[in-house]
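Lettering of chains follows the sequences in order, A, B, ..., and the numbering in each one begins at 1. These numbers come from the heavy atoms of this one structure, side chains and all, not from hydrogens, waters or symmetry mates. As the structure is a computational prediction, the values presented were derived from the model and not from experiment.
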Number of protein chains: 2
Amino acid sequence: MTSTGDSGSEGAGGKDGDRRAQLVDAAVDHVAAHGIGDLSLRGLGAAIGVSHRMLIHYFGSKEQLLVEIVRASEQRQRDLLSRLRAEPGVSPVDAARLLWRQLTDPQLANQERLFFEIYGQALRGRPEAVPVLDNLVSDWLEPLVAAEVTAGTDPATAHNRARLGLATVRGLLLDLLATGDREGVDAAMEEFFRLYYGPG
Amino acid sequence: MTSTGDSGSEGAGGKDGDRRAQLVDAAVDHVAAHGIGDLSLRGLGAAIGVSHRMLIHYFGSKEQLLVEIVRASEQRQRDLLSRLRAEPGVSPVDAARLLWRQLTDPQLANQERLFFEIYGQALRGRPEAVPVLDNLVSDWLEPLVAAEVTAGTDPATAHNRARLGLATVRGLLLDLLATGDREGVDAAMEEFFRLYYGPG
DNA sequence: CGGTACATGTACCGTGTGGTACATGCAGCC
DNA sequence: GGCTGCATGTACCACACGGTACATGTACCG
């Protein structure tokens with residue numbers, strides 16, 4: 001902080017804001033593939049073609065970089081959600097099936113793994129991950145409750161049902177990632193649909 | 001490996017097997033409180049009153065120590081499960097409620113957090129955690145399926161129902177740990193019971 | 001051309017790590 | 001007593017890490 005002054009973090013939109021965003025994007029890719037646990041500035045820098053000095057330059061510290069990585073990867077999840085909401089004219093069951101199929105797309109596996117890794121580290125108290133805990137449930141609950149209500153459920157039970165559905169999806173996702181048993185997990189999910197939406 | 005020879009790992013039951021077990025037990029306690037992520041031999045040693053040299057002495061390497069810690073903490077989970085199965089003469093719903101209440105006992109929160117942290121790191125590929133993935137689902141599925149079958153469900157759907165129940169519990173546990181909203185999560189669980197066992 | 005500001009690289013530093021070498025204590029046994 | 005074997009501690013090593021100091025480019029502006 002004495003002589004050079006290193007621009008550091010500067011909101012968004014500066015001429016090097018692009019570079020920052022680009023670096024963070026590459027970092028999220030790398031982290032989705034290799035995890036957040038043993039991340040080092042040197043390793044990351046080498047992987048995305050930049051010296052570790054540059055990462056410090058643009059992000060100030062490893063922690064701040066991690067914060068942005070976590071935030072960005074969260075944003076990707078949210079993008080997925082909003083993409084799913086824009087699907088009108090299908091029955092709730094089919095919408096849910098569609099959602100489930102998208103979530104279990106093998107191409108997303110790395111992203112899901114990262115999600116649960118960050119979740120775990122946040123639960124353990126890793127500072128740069130902790131803030132996500134606030135939104136981890138509520139962000140998803142909100143649209144799910146809305147969907148339930150528009151489907152005719154009364155608001156009180158709609159909340160419970162939404163919360164239950166979210167938990168079940170996450171639990172079965174954990175199962176799928178651990179066992180890889182797509183068929184078995186899908187069958188369990190179908191059972192849930194039967195209980196949830198009634199047979200048929 | 002050249003001169004001293006350091007007894008290292010020796011199955012079980014040697015006269016220092018006790019010391020090993022005692023160290024691993026203390027280590028699990030420490031890890032349940034502080035997590036597995038930033039564990040260092042020095043920090044752990046200081047916490048449980050032993051020099052980091054001793055940990056190497058008894059376990060050979062940090063990785064092997066971690067393996068035993070993970071295994072032991074898994075064993076604790078399994079102990080909980082078997083304690084729960086020895087509860088005859090109660091209806092399935094009430095047994096499930098009992099199980100749920102025990103799992104959500106705040107005293108167990110640290111252990112649960114550790115569970116999900118290890119789960120997350122195993123998904124990410126941390127070598128000493130990966131082996132748990134095999135049993136993470138099947139170990140619980142087996143008794144749950146048995147319970148379903150003795151309750152009269154046909155084996156095929158019993159498997160699906162058990163898998164679904166396990167996932168739901170884990171998903172709601174994740175929710176609870178993240179939000180701390182005991183009331184809301186309990187309500188969602190009650191909703192699940194209603195769907196699962198029928199109203200009543 | 002000169003100069004100012006920024007992007008990037010290289011070299012370095014202090015620290016904490018896992019692991020090793022070696023010394024010391026302490027028990028049992030001849 | 002003296003020896004042998006194990007438990008424990010102290011001191012050390014090499015290494016990788018995050019972070020810093022400083023130099024070098026490189027573009028734009030006068």
Side-chain angles (χ1 to χ4, degrees), chain A residues 1-27 30-31 34-70 126-129, chain B residues 1-27 30-31 34-70 126-129:
Chain A
M1 276 289 183
T2 51
S3 53
T4 42
D6 268 350
S7 58
S9 67
E10 53 170 58
K15 92 180 101 180
D16 64 5
D18 298 345
R19 185 86 177 108
R20 256 177 81 94
Q22 167 191 347
L23 287 179
V24 112
D25 204 58
H30 177 260
V31 137
H34 300 88
I36 204 187
D38 50 3
L39 187 72
S40 81
L41 293 183
R42 290 173 142 88
L44 174 62
I48 67 180
V50 94
S51 76
H52 83 286
R53 170 68 181 83
M54 279 302 93
L55 297 173
I56 293 280
H57 173 71
Y58 280 108
F59 301 97
S61 74
K62 185 191 181 183
E63 286 227 339
Q64 283 184 43
L65 170 57
L66 257 173
V67 170
E68 303 227 14
I69 290 178
V70 169
R126 181 155 176 168
E128 57 270 20
Chain B
M1 278 288 185
T2 52
S3 53
T4 41
D6 267 350
S7 58
S9 66
E10 50 169 65
K15 92 180 102 184
D16 62 5
D18 298 346
R19 187 83 176 111
R20 257 176 80 94
Q22 169 191 344
L23 287 179
V24 114
D25 204 57
H30 178 261
V31 137
H34 299 86
I36 203 190
D38 50 4
L39 186 73
S40 81
L41 293 183
R42 289 174 144 87
L44 173 61
I48 67 180
V50 93
S51 77
H52 83 285
R53 170 70 181 81
M54 280 302 92
L55 298 172
I56 294 280
H57 174 71
Y58 280 108
F59 301 97
S61 74
K62 185 192 181 184
E63 286 226 338
Q64 283 185 44
L65 170 58
L66 257 174
V67 169
E68 303 225 15
I69 290 177
V70 169
R126 182 153 174 169
E128 56 271 18

**Q** Between D:dT20, C:dT20, D:dT8, which one does the side chain of B:I56 approach most closely?
**A** C:dT20
**Q** Starting from C1' on C:dG18, measure out to CD on B:Q64 and report it in whole angstrom.
**A** 13 Å
**Q** For a quick test of your reading: what N or O donor-acceptor pairs under 3.5 Å do the side chains of residues 41-50 of chain B make, sequence neighbours left out?
**A**
none

**Q** Hey, which sits more toward the 5' end of DNA chain D by its nearest nucleotide, B:L23 or B:H52?
**A** B:L23
**Q** Considering every strand shown, what is the Watson-Crick or G-U wobble mate of D:dC12 when both distances are under 3.5 Å?
**A** C:dG19
**Q** Please pick, from D:dG19, C:dA21, C:dT8, the nucleotide with the shortest atom-to-atom distance to any side-chain atom of A:S61.
**A** D:dG19
**Q** So does B:S51 get a side-chain nitrogen or oxygen closer than 4.0 Å to the phosphate oxygens (OP1/OP2) of D:dG9?
**A** yes
**Q** What distance separates A:Y58 OH from A:L65 CG, expressed to the nearest 0.5 Å?
**A** 13.0 Å
**Q** Taking only side-chain N and O atoms of B:R19, does any of them lie within less than 4.0 angstrom of OP1 or OP2 on D:dT8?
**A** yes
**Q** Tell me every residue that passes side chain to side chain donor-acceptor pair (under 3.5 Å) with A:D38, counting only those two or more places apart in sequence or in another chain.
**A** none
**Q** Please write out the pairs of protein N or O atoms and N or O atoms of nucleotides 15-17 of chain D separated by less than 3.5 Å, giving the distance to one decimal.
**A**
from: D:dC17; atom 1: OP1; to: A:S40; atom 2: OG; distance (Å): 3.3

**Q** Going by ring pair (Phe, Tyr, Trp, His ring centres under 6.0 Å), name the residues that satisfy it together with A:H30, two or more places apart in sequence or in a different chain.
**A** A:H34
**Q** Shortest non-hydrogen contact from B:E63 to B:P127?
**A** OE2-CG, 4.2 Å
